[in-house]
Amino acid sequence: MKITINAAMTIDGKIATASGDSTISSKEDLKRVHRLRAASDAVVVGISTVLADNPQLTVRLVRGKNPVRVVVDSKCRIPGGSQILRTAGRVRTIVAASAQASAADVERIRQAGAEVIIAGNEAVDIKALFSTFKKKMGFKKILVEGGGELNWSVLNLGLADELIVTVAPRVAGGRLATTLVEGDGYDTISQGPKFRLAHVQKTRAGELVLFYRVGKK
Ligand SMILES: NC(=O)C1=CN([C@@H]2O[C@H](COP(=O)(O)OP(=O)(O)OC[C@H]3O[C@@H](n4cnc5c(N)ncnc54)[C@H](O)[C@@H]3O)[C@@H](O)[C@H]2O)C=CC1
Ligand SMILES: Nc1nc(O)c(N)c(N[C@@H]2O[C@H](COP(=O)(O)O)[C@@H](O)[C@H]2O)n1
């Protein structure tokens, strides 16, 4: 199963401003992302991304099939009014929760038309979740679309095969702004994963799209 992380960041490495604005990619780049979604079995985001962006995670800018939408949401906090839950009857949607989720919230989400998978006791066990995707669901391509905490978990577990980052010609600043990779971080650079630049694209908006292969430890 191939796992790709895709994100857009400013030159200073932020994927959203401190107040939560994440409108970074150009339309041209968003079309590339929608093509990538259409070529994926599932698109995975963290609950904080859903709460901040209220995304649709569809392929509406291109022709193609919507991937299964997965929200990593330990406590089943996804709001009933979110675009994802409101359309769960039409686009297959999975909420990946942990033992922290209440039975009432699990039922609320199922009633909205989404599936709930329980993986882990505290945070969602990403390794177990992705293993379920591969072994029980037969998924072959997974697209992780952030945010920073989820990117950290996937990279730190050594699960990612590819990292695609759009660098937009903007600066966000702000020490509280979310960066591409959050989490606890590494003590030394050498402890972190190493990447190999495989390809670079330039958009008309002056963005650089960097395609990295992730070295296995
Ligand atoms: N520019 C871009 O390409 C993108 C920007 N964003 C931005 O990122 C921000 C949200 O990112 P973050 O705050 O870092 O949150 P996130 O979206 O990565 O969600 C993290 C949350 O997911 C839950 N979670 C449960 N199990 C987890 C696990 N094993 N690993 C990680 N998370 C787990 C926890 O509640 C955790 O706090 C938003 O402002 C959004 O706009 C998000 C995606 C893409
Ligand atoms: N590639 C990319 N560029 C940006 O500028 C972004 N803000 C994001 N964000 C991700 O896409 C989701 C929004 O998707 P919809 O447009 O609602 O389908 C957002 O939640 C992030 O996961 N990505």
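As the structure is a computational prediction, the values presented were derived from the model and not from experiment. Each ligand, and each atom within it, is numbered from 1 in the order the structure gives.
The shortest N or O to N or O distance between Ala8 and ligand 1 is below 3.5 Å. Residue contacts with ligand 1: Ile15 is placed with a nitrogen or oxygen under 3.5 Å of a nitrogen or oxygen of the ligand (distance criterion only). Ligand 1 has no nitrogen or oxygen under 3.5 angstrom from a nitrogen or oxygen of Asp73. For ligand 2, none of its N or O atoms has an N or O atom of Leu30 under 3.5 Å away. Any N or O atom pair closer than 3.5 Å counts here, and Thr49 shares at least one such pair with ligand 1. Annotation: Gly147 places an N or O atom under 3.5 Å from an N or O atom of ligand 1; distance criterion only. In terms of N/O distances under 3.5 Å, ligand 1 is approached by Val124. At a 3.5 angstrom cut-off on N or O pairs, Asn6 does not count as close to ligand 1. The shortest N or O to N or O distance between Ala52 and ligand 1 is not below 3.5 Å.
In this structure, Ile5 is a member of the same hydrophobic cluster as Val165, with clusters built from ILVMFWY side-chain heavy atoms closer than 4.5 Å. Linking Ile, Leu, Val, Met, Phe, Trp and Tyr residues whenever their side-chain heavy atoms come within less than 4.5 Å places Val43 and Leu36 in a single cluster. In this structure, Leu150 is a member of the same hydrophobic cluster as Val214, with clusters built from ILVMFWY side-chain heavy atoms closer than 4.5 Å. Criterion: ILVMFWY side-chain heavy atoms under 4.5 Å apart, direct or through other members. Under it, Val68 and Phe130 are part of a common hydrophobic cluster. Under the 4.5 Å side-chain heavy-atom criterion for Ile, Leu, Val, Met, Phe, Trp and Tyr, Leu143 and Leu210 are members of distinct hydrophobic clusters.
Using a 4.5 Å cut-off on side-chain heavy atoms (C-beta onward), Val144 and Asn6 make no contact.
Among protein heavy atoms, atom 13 (C) of ligand 2 sits closest to Pro55 CB, 3.6 Å. For atom 20 (O) of ligand 2, the closest non-hydrogen atom on the protein side is Asp53 OD2, 3.0 Å. Atom 2 (C) of ligand 2 has as its closest protein heavy atom Ser25 OG, 3.5 Å. Ranking protein heavy atoms by distance to atom 41 (O) of ligand 1, first place goes to Asp53 OD1, 2.6 Å. Taking atom 23 (N) of ligand 2 as the reference point, the nearest protein heavy-atom neighbour is Glu145 OE1, 4.1 Å. For atom 17 (O) of ligand 2, the closest heavy atom belonging to the protein is Gln56 N, 2.7 Å. Looking at atom 21 (C) of ligand 1, its nearest protein heavy atom turns out to be Ser48 OG, 3.7 Å. The protein atom (non-hydrogen) at minimum distance from atom 44 (C) of ligand 1 is Glu145 O, 3.4 Å. When only non-hydrogen protein atoms are considered, atom 39 (O) of ligand 1 lies nearest to Ala16 CB, 3.4 Å. Of the protein's non-hydrogen atoms, Ser22 O, 2.5 Å is the one closest to atom 7 (N) of ligand 2.
Close contacts between ligand 2 and Thr49 involve ligand atoms 20 (O), 21 (C), 22 (O) [criterion: under 4.0 Å to a heavy atom]. Annotation for ligand 2: atoms under 4.0 Å from non-hydrogen atoms of Ala8 are 2 (C), 3 (N), 4 (C), 5 (O). Taking every non-hydrogen atom of Asn6 and a distance limit under 4.0 Å, the qualifying atoms of ligand 2 come out as 1 (N). Taking a cut-off of under 4.0 Å to the non-hydrogen atoms of Glu149, the atoms of ligand 1 that pass are 14 (O), 18 (O), 20 (C), 31 (C). Taking a cut-off of under 4.0 Å to the non-hydrogen atoms of Ala7, the atoms of ligand 1 that pass are 3 (O). For ligand 2 and Val45, the ligand atoms under 4.0 Å from any heavy atom of the residue are 22 (O). The distance from ligand 1 to the heavy atoms of Leu150 drops below 4.0 Å at these ligand atoms: 18 (O), 31 (C). Each of the atoms 5 (O) of ligand 2 lies under 4.0 Å from some heavy atom of Ile24. Using a 4.0 Å cut-off to heavy atoms of Ile126, the atoms of ligand 1 that qualify are 29 (N). Within the listing of ligand 1, atoms 41 (O) sit less than 4.0 angstrom from a heavy atom of Ser22. Distances below 4.0 Å separate heavy atoms of Ser153 from the following atoms of ligand 1: 28 (C), 29 (N), 30 (N), 31 (C). Within the listing of ligand 1, atoms 25 (C), 26 (N) sit less than 4.0 angstrom from a heavy atom of Ser74. Which parts of ligand 2 touch Arg37 is read off a 4.0 Å heavy-atom cut-off, strictly below it: atoms 11 (O), 12 (C), 13 (C), 14 (O), 15 (P), 18 (O). Ligand-side atoms of ligand 1 in range of Gly46: 16 (P), 17 (O), 19 (O), range being under 4.0 angstrom from any heavy atom. Residue-ligand proximity, Val33 to ligand 2, at heavy-atom distances under 4.0 Å covers atoms 1 (N).
Smallest separation of non-hydrogen atoms from Thr58 and Arg37: O-NH1, 2.8 Å.
Heavy-atom separations between Arg77 and ligand 1 include at least one value shorter than 4.0 Å. The closest approach between a heavy atom of Val45 and any atom of ligand 1 is not below 4.0 Å.
Here the rule is side chain to side chain contact (heavy atoms under 4.5 Å, CB included) with Arg170, and of Thr23, Ile11, Thr10 only Thr10 fits it. Arg69 pairs with exactly one of Val50, Thr87, Leu85 by the side chain to side chain contact (heavy atoms under 4.5 Å, CB included) rule, that one being Thr87.
Between atom 22 (O) of ligand 1 and the options Ile47, Asn54, Leu51, Leu157, the minimum heavy-atom separation is to Ile47.
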Give the intermediate values and the outcome of side chain to side chain contact (heavy atoms under 4.5 Å, CB included) for residues Ser98 and Asn121.
CA-CA 5 Å; Ser98 74; Asn121 290 321; over 6 Å; no
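To the nearest 0.5 angstrom, Ile109 atom CD1 is 11.0 Å from Ile84 atom CD1.
In this structure, Ile189 places its CD1 atom where only 12 or fewer heavy-atom neighbours from other residues, nucleotides or ligands lie under 6.0 Å away. By the neighbour-count criterion of 12 heavy atoms within 6.0 Å, atom CZ of Arg108 is densely surrounded, having more than that number from other residues, nucleotides or ligands.
Of the possible donor and acceptor atoms, none in the side chain of Asp73 sits under 3.5 Å from a partner among the backbone N and O of Ala96. Panel note: side chain Thr203, backbone Glu207; a donor-acceptor pair is recorded below 3.5 Å. A distance-only check finds no donor-acceptor pair linking the side chain of Arg77 to the backbone of Ile47 [under 3.5 Å]. Side-chain atoms of Lys14 come within 3.5 Å of backbone atoms of Gly174 as a donor-acceptor pair (strictly under, hydrogens ignored). Between the Thr17 side chain and the Asp21 main chain, a donor and an acceptor come within less than 3.5 Å of each other. Between the side chain of Thr132 and the backbone N or O of Lys136, no donor-acceptor pair lies under 3.5 Å.
Salt bridge present: Glu162 and Arg213 bring a charged side-chain N and a carboxylate O closer than 4.0 Å.
Protein heavy atoms all stay at least 4.0 Å away from atom 9 (N) of ligand 2.
Both the backbone and the side chain of Val72 come within 4.0 Å of ligand 1, judged by heavy-atom distances. Proximity of Arg60 to ligand 2, defined as any heavy-atom pair under 4.0 Å, is confined to the side chain (atoms from C-beta onward).
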